[in-house]
Protein chains: 2
Amino acid sequence: MVENGQDTRSATAEVRDGLSRRPTMRDVAKRAGVSLKTVSRVVNQEPLVEQRTVAKVELAIEELRYRRDSLARNLRKGIRQLSIGLIIEDLANPFYAHLAQAVEDAADSNAHSLILTSSREDPERERTFVINLLQRGVEGLLIVPASHDHRYLSADLVRGVRVVFLDRSPKGIEADAVLSENRAGARRAVEHLISFGHRRICFLGDPMELETSADRFLGYKDALSTAGIELDERLVSTRSSTVQAAEQQTNELLKVRPAPTALFAQNNRHCIGALRALQAADARLAVVGFDDFELATMLPTPVTVIANDAHEMGRQGAELLFNRLAGVNGGPQRRLIPGRLIARGSGEITATEVEQSLATQEDRAKYATTETRT
Amino acid sequence: MVENGQDTRSATAEVRDGLSRRPTMRDVAKRAGVSLKTVSRVVNQEPLVEQRTVAKVELAIEELRYRRDSLARNLRKGIRQLSIGLIIEDLANPFYAHLAQAVEDAADSNAHSLILTSSREDPERERTFVINLLQRGVEGLLIVPASHDHRYLSADLVRGVRVVFLDRSPKGIEADAVLSENRAGARRAVEHLISFGHRRICFLGDPMELETSADRFLGYKDALSTAGIELDERLVSTRSSTVQAAEQQTNELLKVRPAPTALFAQNNRHCIGALRALQAADARLAVVGFDDFELATMLPTPVTVIANDAHEMGRQGAELLFNRLAGVNGGPQRRLIPGRLIARGSGEITATEVEQSLATQEDRAKYATTETRT
DNA sequence: TTGTAAGCGTTATCAA
DNA sequence: TTGATAACGCTTACAA
């Protein structure tokens with residue numbers, strides 16, 4: 001027996017040996033020369049234990065660095081903590097922060113804890129986290145997927161694990177999802193720009209591998225083709241995913257000739273990057289962004305956006321999940337969060353205005369002043 | 001025995017009765033007429049089980065809505081998932097979102113999951129969550145405290161639970177903490193304003209019950225008294241905690257006469273609220289805010305701030321916690337995150353400028369135009 | 001005041 | 001291919 005093997009080792013060796021298994025109450029009991037139950041009493045601060053015994057046991061606990069195993073405790077006590085897991089891309093993106101906030105809220109209302117992880121857009125991490133969360137025994141999962149194949153989940157789905165996808169749809173499996181009206185929203189944004197006379201409109205977005213990006217690009221193309229505008233590939237930039245990268249990409253876009261007069265930014269990261277670049281270059285294009293953001297109203301030219309309600313997406317996703325957990329069965333549900341166009345100024349700059357300011361700017365060639373007044 | 005009691009109930013009743021205890025493998029086994037171990041085999045998709053048996057068991061699982069208990073499983077398999085808990089105020093505040101992001105990152109690097117909860121500044125919720133998290137068996141806790149008495153934690157601290165406080169210090173117990181240089185930072189901000197000739201400077205903050213607010217107010221007073229400026233209570237507003245409330249409070253502050261020429265906003269919520277109010281009222285005061293924020297550089301008047309590095313706070317907090325978990329002992333550690341003043345424009349508007357614009361504005365009494373040019 | 005034995009719901013071992 | 005039994009680390013019931 002292993003027990004006997006341990007007995008032959010000195011207590012100090014047991015203390016020092018970092019590799020030895022975690023000490024149990026049994027170990028503490030042996031060390032203190034009392035029964036397991038007495039240790040339990042001390043650990044749980046039950047009364048009716050003699051002070052001297054308490055001291056002995058506490059010493060042993062200290063020496064062995066004993067910590068109670070909550071798993072065993074909760075199993076025995078019949079305590080089953082409920083939790084759900086959320087996998088997002090990154091909390092630094094306010095869209096996901098708001099999404100997570102709504103989910104956290106719902107989890108709390110339903111007496112579940114929230115375990116939060118960030119995939120950083122890495123499919124490998126997504127899978128690892130899903131497996132990890134399932135092993136933890138979460139009741140359900142909310143996923144903003146980074147991967148393009150979710151068949152690895154199908155076995156668990158059969159076994160009753162509940163999964164809801166957010167922002168992007170599941171691939172290869174049937175599952176609930178809450179999505180934005182990406183294509184329609186993007187289309188509306190670009191149509192809006194076209195209605196102000198623009199024909200050279202940039203698309204600034206994530207790589208097309210991301211479903212939201214691809215869908216929004218489709219909306220962009222829809223609007224162009226309806227208006228009979230030919231797509232100029234040079235105006236399409238889909239290599240950025242951070243604010244900084246978007247800023248650089250915008251600078252590239254600004255160099256294209258004939259120059260673009262408007263820009264559609266595919267999410268708040270791109271929009272902010274684009275605005276930074278435009279401000280730095282002192283270029284005044286019409287801009288519409290996907291996703292609203294806190295300070296959109298307060299910029300020098302308030303920003304026209306397709307408001308994409310992250311909070312609502314999180315709320316509805318959690319609602320679906322908790323419905324499932326409450327026993328609602330049936331085929332996969334799909335909910336669409338509509339986008340509202342909020343005109344604030346940046347999207348209503350006319351093509352003519354832009355062209356005029358471009359003309360004067362070309363004259364002044366390399367002058368970098370903050371003042372634009374003529 | 002309860003077992004017998006259950007036996008007398010029909011299987012269907014057992015299915016329907018939502019109140020009956022969760023079914024176990026034993027229940028499934030009985031239902032399917034096989035042994036417990038066979039059920040285990042099916043659940044774990046072990047081979048070497050006859051197809052007919054598998055079918056029988058799966059049917060029983062379906063009927064009883066059986067789900068494997070991960071607690072028991074992990075206990076038996078010796079799997080102990082590690083996790084830490086984080087209690088913040090609210091993810092919608094970008095300061096906490098960045099803090100949480102850094103903690104999530106560190107948790108991930110240390111192979112721990114992160115359980116995230118929001119206290120919403122409610123001491124009661126804080127306590128509930130702490131207890132809940134400890135019951136879950138988290139290895140450690142990172143807390144942005146809402147409460148003013150943490151003695152309820154002392155028993156657990158003795159028992160080896162590791163706790164690190166963030167942003168606000170622990171009360172009534174000794175524990176590690178990572179704090180901002182609140183007083184010094186606020187003082188620097190207000191001195192900066194004073195150096196531009198301001199003497200009527202508003203303090204816009206949270207209620208004084210919040211340590212950060214109280215400390216930053218001390219810094220505000222330090223700067224005033226050093227400059228020999230008498231405190232005008234009417235310029236101090238500490239009743240807001242949301243952007244919206246800050247906006248309203250700012251409107252109140254603007255009515256004070258003689259009028260203030262500058263404003264110090266105690267955190268990013270107050271700063272944004274103040275800027276909104278100022279923009280709406282077309283009032284041009286000097287403003288310095290505590291906390292940097294993403295678009296501070298891009299507003300019409302770029303915002304001067306005391307940059308308060310949320311990411312660094314989260315990172316260092318997690319570092320302290322994982323050091324403790326790795327066995328570092330010793331007295332409570334305290335780390336200070338210094339604030340850097342970043343002058344961008346809003347804080348460098350001189351008192352004279354403000355007074356001039358105020359004068360012209362008083363003339364034009366009630367005209368609400370967007371144009372300010374003279 | 002302390003200890004013994006059973007059991008929480010699963011998996012591992014070994015036998016049938 | 002299936003099943004009986006012990007064990008994971010703790011708490012509960014009961015006994016000493």
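The sequence lines fix the lettering, A, B, ..., with proteins before strands; numbering per chain opens at 1.
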Colleague: Measure the spacing between NZ of Lys171(B) and OG of Ser147(B) and express it to the nearest 0.5 Å.
Modeller: 9.5 Å
Colleague: Among dT2(C), dT11(C), dG9(D), which nucleotide has an atom closest to any side-chain atom of Met25(B)?
Modeller: dT11(C)
Colleague: So, taking the atom named CE in Met25(A) and the one named CG in Leu64(A), what distance separates them when rounded to the nearest 0.5 Å?
Modeller: 12.5 Å
Colleague: Does Asp27(B) come within less than 4.0 Å of Arg21(B), counting only side-chain N to carboxylate O?
Modeller: yes
Colleague: What is the distance from CZ of Arg21(A) to C1' of dA7(D), rounded to the nearest Å?
Modeller: 13 Å
Colleague: Strictly by modelled atom types, are Asp90(B) and Gln101(A) linked by a side-chain donor-acceptor pair under 3.5 Å?
Modeller: yes
Colleague: Between residues 32-41 of chain A and DNA chain C, which residues have a heavy-atom gap below 4.0 Å?
Modeller: Val34(A), Ser35(A), Lys37(A), Thr38(A), Arg41(A)
Colleague: Looking at every strand, decide which applies to Ser70(A) at a 4.0 Å heavy-atom threshold: base, sugar-phosphate, or nothing.
Modeller: nothing
Colleague: If you count every heavy atom of other residues, nucleotides or ligands that lies below 6.0 Å from Gln135(B) atom CD, does the total exceed 12?
Modeller: yes
Colleague: Is there a donor-acceptor contact under 3.5 Å linking the side chains of Gln81(B) and Ser113(B)?
Modeller: no
Colleague: Considering just the side-chain nitrogens and oxygens of Arg26(A), establish if one lies under 4.0 Å of OP1 or OP2 belonging to dC8(D).
Modeller: no
Colleague: Check every atom of dG9(D), dT11(D), dT1(D) against the side chain of Arg73(A) and return the nucleotide holding the closest atom.
Modeller: dT11(D)
Colleague: At less than 4.0 Å, is any side-chain N or O atom of Thr53(B) found next to OP1 or OP2 of dT2(D)? Yes or no.
Modeller: yes
Colleague: It should be established whether Lys77(A) places a side-chain nitrogen or oxygen under 4.0 Å from OP1 or OP2 of nucleotide dT12(D).
Modeller: yes
Colleague: Would you call Arg120(A) and Asp105(B) a salt bridge, using N to O less than 4.0 angstrom?
Modeller: yes
Colleague: Of the nucleotides dG7(C), dT2(D), dT11(C), which has the atom closest to the Asn44(B) side chain?
Modeller: dT11(C)
Colleague: So Asn74(B), base contact, sugar-phosphate only, or nothing? Heavy-atom distance under 4.0 Å.
Modeller: nothing
Colleague: Within the structure shown, what part of the strands sits under 4.0 Å from Arg80(B) by heavy-atom distance: base, sugar-phosphate, or nothing?
Modeller: sugar-phosphate
Colleague: Below 3.5 Å, does any donor atom in the side chain of Arg76(B) face an acceptor in the base of dT10(C), or the other way round?
Modeller: no
Colleague: Is the phosphate of dT1(D) approached by Arg52(B) (side-chain N or O, under 4.0 Å from OP1 or OP2)?
Modeller: no
